[in-house]
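Written out below as structure tokens is the structure these notes cover.
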Amino acid sequence: MIIYGVALLSVCLILGMLIGETLGVLLGVKANVGGVGIAMLFLIWASNSHKFKALVEGASGTGIKFWSAMYIPIVVAMAARQNVAAAIDGGLLALAAGVAAVIVSFALVPVFSKIGRGPSTSESNTDEQGPN
Amino acid sequence: MDIFETVFVRNNLVVAFAVVGVTIWLSYFLAKRLTNNRIHGSAIAIAFGLLAAYWGGITTGGRTGVADIALLGGIGLMGGGMMRDFAIVATAFGVHISEL
């Protein structure tokens, strides 16, 4: 049942958020401290535990995989609801800094890829990828 | 026109799924055709999203980008904090503790 997986995911998120809010109160921060991360740890633990096998395998698992695959579309929707107009109006300097950082990073790509090849530039590109 | 608006506003989350889907399809198409996949389709899709948000902001004067347009209100729900956290947590699925 797909809903079992979705329900497990929901319970993990709610538990994580509750712990995150509690941590926020304890630390005197008016925010959720690590709720999403704690929820992820719960889900990882549940998906590796034998007790929850029925909730993460087969059809139940596809209920979680669906939401995992929806992450990028949701990020696109998030981008589409940002207050971009105000950001451009009020923060031209920040915008310029961001654009400059991206341009510099792109310019550094060839430099870094040369470093990655290291001393063996005389050899042909047999070891293009260093050990990871 | 009234019927059109009623359907879109009542089903705004479904409209959001469709609009985001079309945007992503177009982005992946452009990524493949124009950049030979050097720029990932999702990056182009996010750029489209930001452009749309800018356009929504200047036309409506609101604060939530394209979601201030009544017909696209579902984008606000789809891109809201709840769905975002739900999907992020789901990405942890399939991680094996032995691989950490």
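Letters A, B, ... mirror the listed sequences (proteins, then strands); counts begin at 1. What you see is a predicted model; the values in this text were computed from it and never measured.
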Flag the one option from [options] with the top tally of heavy-atom pairs under 4.5 Å to chain B.
options	answer
A:Ala87, A:Gly5, A:Ala79	A:Ala79
A:Ala77, A:Ser68, A:Ala80	A:Ala80
A:Val75, A:Ile88, A:Asp89, A:Ile72	A:Ile88

Chain A contact via [X] - which portion, at a heavy-atom distance below 4.5 Å:
X	result
B:Ile24	side chain
B:Phe17	side chain
B:Val20	side chain

In terms of heavy-atom contacts, does CG of A:Leu26 have more than 12 from other residues, nucleotides or ligands at under 6.0 Å?
yes
For A:Tyr4, look at atom OH and say whether over 12 heavy atoms of other residues, nucleotides or ligands are found less than 6.0 Å away.
no
Considering all heavy atoms, the nearest [X]-[Y] contact:
X	Y	result
B:Met78	A:Met70	CE-CE, 4.1 Å
B:Tyr54	A:Ala85	CD1-CA, 3.6 Å
B:Gly74	B:Ala16	C-CB, 3.5 Å

Option in [options] with maximal non-hydrogen atom pairs under 4.5 Å from chain A:
options	value
B:Ile46, B:Val66, B:Ile97	B:Ile97
B:Ala90, B:Ala92, B:Gly65	B:Ala90
B:Ala52, B:Ala53, B:Gly21, B:Ala47	B:Ala53
B:Ile58, B:Val19, B:Val95	B:Val95

Could you walk me through whether A:Trp67 and B:Phe93 pass the ring-ring contact (aromatic ring centres under 6.0 Å, His included) check?
CA-CA 10 Å; A:Trp67 285 106; B:Phe93 183 63; over 10 Å; no
Per-residue contact mode, A:Ile64 against chain B (heavy atom under 4.5 angstrom):
both
Checking A:Ala86 against chain B: side chain, backbone, both or neither under 4.5 Å from a heavy atom?
neither
Distance from A:Arg81 atom CZ to A:Asn83 atom CG, nearest 0.5 Å?
10.0 Å
Under 3.5 Å, is there a donor-acceptor pair between the B:His96 and B:Ser98 side chains?
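Looking only at side-chain atoms, B:Ser98 and B:His96 do not form any donor-acceptor pair under 3.5 Å.
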